S.K.: 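Before I ask anything, let me first share the structure, which is written out below as structure tokens.
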Amino acid sequence: MARTAAFEILYRDYYGRVFGLCRRLLSSGDLAEDAAQEVFMRAYKSFNKYDINQPFWQWIATIANNHCIDQLRARSRKQALFGDETVELEQVPSPDAPVLSELISNEDTGALNQAIAALPDRYRVPLVLAYFHQSSYDDIAKQLNISRNHVGVLLLRAKQRLRDSVAAEGVGGGQ
Amino acid sequence: MTHPTPLKLSMHADEALPPNEAEQVAAHVEACELCQSQLSALRAETQHLVTALRADTPEDAREVPTFSRPASLRGFALANIGTALLIWLAQFLWKTLFGEMILNTATWLTSVYIPDIYQLTSTTALYLLEEGTAMLDAYLGFVIATLLIITALALLLMRQRFRAGTLSMCLIAAAVGTLMVPAPVQALDFRRSEGVLTIPASETIDDTLIVRGETVLIEGTITGDVIAFGEEINVTGSIRGNLFTFAEIVKVRGDVGGLVLGAANTYTLSTSSVGGDLWLAGENIEVGGDVRIGRNVAIASDNVSVGADVGRDLFAYAETVDMSGNLGGNLEAFSQRLRLLGDAHIVGNVRFRGNEAELFRADEVRVDGDVEFLARPEEKNRYATVEFYLWQIAQLIAAFLFGLAMLWLVPALRGLSIGAGLEGLKSAGIGIVALVSVPIIAVLVAITLIGLPFTFLALVAWLLGIYLATIVVGASIGQMLVSNSDSMPLTLLAGLATVMVVVNLPVIGGIIGFIFTIIGLGMLVQLVFDLVSTRGFDEQATD
């Protein structure tokens, strides 16, 4: 009973964050709601394996990441969700292109988030993991089952895509 | 001087390069203004992204939905299979083993001395067992089909969540298949009227008939059972099944193929034959001389007068019992007065629990067996017998083993505690409600006949709950007593032993036992509600 009570408190406290993570990873509110429920269900089942000395967020976020990535994989129905590193590398932008902070104001997070949500899964997932969840490249590589360099390439491409779409929208006023 | 690739620079901005590469890039950047500005632009961009991603969007401001705990597919399936097997096993044991055992034990026990009431109890129990088996027979398919449907529905729901595979489809198919061959449930015919309700002589009803009216006249033929409620019920027609009546006045002048069971102020049977038993309760009960009863007669009443031919035994609880008919078996009278009148003939024995002076026997009366008088057995001091203690120990062991099994199977039970003050009162209140309401609801549901299996299951759960209640209370008392022990069996044993001693205390033991039962029952009900409830955590947290 005590275990259940403790879990319920954690659920209430962390639901928002888990939902947020899932929403950013899956880029859909409804899917994220299902995913968040599933994540807490999985967490509940293995709650006795949870090490109390580990931050709860870290633990549940790992479950959430794994679950969402599985979901995306199942959606794309093939393992190569994150593409081929060398192909991606060919499309890397020139180094002197304007970066996001020059294209869009810091206040206009809505537009940027919209652009992020519109990214293909293979760019959005590493981006969210790296900059929302702030996982290291190594952790992302492990979770996506790709190399660290591949993570770098995907992030690079993701940012490029964002720059392109933000520039095309012509929103905000850079610096 | 070669600039680092965009990838390296980007990874460097994110501090994701291996140390040696990071050093090289850092060295270059220090000397290269272009790369320096690119690096800081990349870092600003990262910060930008972090800020954007961290910002709450309107979508994030959702309400926290209720957390639905995971259902275990395996557990659910196992439980269903287990239940089905259990029902089959119970049915098998009931019919073959228990029926025989109880019958034989009953015969054996009646040969030794036992209080007279035993005879009636055992017959009642036997009857109920027989009927119960028949009932279970008829509804077994229905019960199992219901279980399968529930399983199938649950699986369907789970399938949406987990994309479960073929297994679920197989089970659903099995459920549908079972439904295709439903158990033959007899149809029902309901009739009601505020005034006089007549089933005319010309009418034949092939169903079970349930009637309600101020005056009910049954003149036609009914091939099923009849259940009748009213002020006055008159049966002159023929009923092939059983007849159940609840009325002020009941007069039966027709033939009944099965059992006649009724409660009435005045119950009169004349010129009729009853194929099964006759079970009646009322103030005045008269079974005329032109009546033939195929099996036993059991009557509880103020005044009983039996002139009929009775195939087997007659049990009568009454002030006065007048017997003038023929009896194929024994006569057992638990009455103030017993009068054997006219040319009564009793093939078996007469057992009269009463004063010898209160037995009147006419000259023509023949009793082939013995006439016995049994005085009220003396109240023995129950604490002074060895049997009492042996029985208590046996009960303790049974409760202990059962309790241990339940605590192991349902770990949530281990966390239960009686709770002090209001909490305990709340449990007791809930317990009383459960104790009283379950059988009432069960009986109400049973009237609809289709509800019979539910009644049966509810009563089994109720009885189990009552038994488990004391065990649960024992377990939590054990925890209080042996609070420093981690051994669950030890605490349980200590608690149960304490409970056993306390409820056997003279005078107050019974009351304490009752209190324990209702508290335990209340705790169990709350636990069940807790386990199945889908209440939000906000409410639960305030509990």
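Sequence lines set the chain letters: A, B, ... in the order given, protein chains first and strands last, and positions in each chain run from 1. All values below were derived from every heavy atom in this structure, side-chain atoms included, with hydrogens, water molecules and symmetry-related copies excluded. None of the values given here were measured: they were computed from a predicted structure.
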S.K.: What part of Arg148(A) is in contact with chain B, defined as an atom under 4.5 angstrom from a non-hydrogen atom: side chain, backbone, both or neither?
M.R.: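 Contact with chain B involves both backbone and side-chain atoms of Arg148(A).
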S.K.: Does CD belonging to Glu15(B) count more than 12 external heavy atoms closer than 6.0 Å?
M.R.: no
S.K.: For the pair Phe132(A) and Val50(B), evaluate side chain to side chain contact (heavy atoms under 4.5 Å, CB included) and give the outcome as yes or no after the intermediate values.
M.R.: CA-CA 6 Å; Phe132(A) 176 70; Val50(B) 170; over 6 Å; no
S.K.: Is there a side-chain contact between Arg54(B) and Gln134(A), using heavy atoms and a 4.5 Å cut-off?
M.R.: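 A side-chain contact exists here, since the closest heavy-atom pair is under 4.5 Å.
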S.K.: Ignoring hydrogens, what is the shortest heavy-atom contact between Leu112(A) and Ala52(B)? Give both atom names and the distance.
M.R.: CD2-CB, 3.4 Å
S.K.: Using non-hydrogen atoms and a 4.5 Å limit, figure out which bit of Tyr137(A) sits close to chain B: side chain, backbone, both or neither.
M.R.: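 The side chain, not the backbone.
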S.K.: Supply the atom-to-atom distance Leu7(B) CG to Arg157(A) CZ, rounded to the nearest 0.5 angstrom.
M.R.: 12.5 Å
S.K.: For Leu162(A) and Glu45(B), what are the C-alpha separation, side-chain angles and deciding distance, and is it a side chain to side chain contact (heavy atoms under 4.5 Å, CB included)?
M.R.: CA-CA 11 Å; Leu162(A) 288 176; Glu45(B) 186 179 52; over 6 Å; no
S.K.: For Glu30(B), look at atom CD and say whether over 12 heavy atoms of other residues, nucleotides or ligands are found less than 6.0 Å away.
M.R.: no
S.K.: Compare all side-chain heavy atoms of Lys159(A) with those of Ser10(B) and state whether any distance is below 4.5 angstrom.
M.R.: yes
S.K.: Taking it one step at a time, do Leu49(B) and Ile116(A) satisfy side chain to side chain contact (heavy atoms under 4.5 Å, CB included)?
M.R.: CA-CA 9 Å; Leu49(B) 279 168; Ile116(A) 293 173; 4.0 Å; yes
S.K.: Below 4.5 Å, heavy atoms only, C-beta onward: do Met11(B) and Leu155(A) meet side chain to side chain?
M.R.: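 Side chain of Met11(B) against side chain of Leu155(A), heavy atoms only: no contact under 4.5 Å found.
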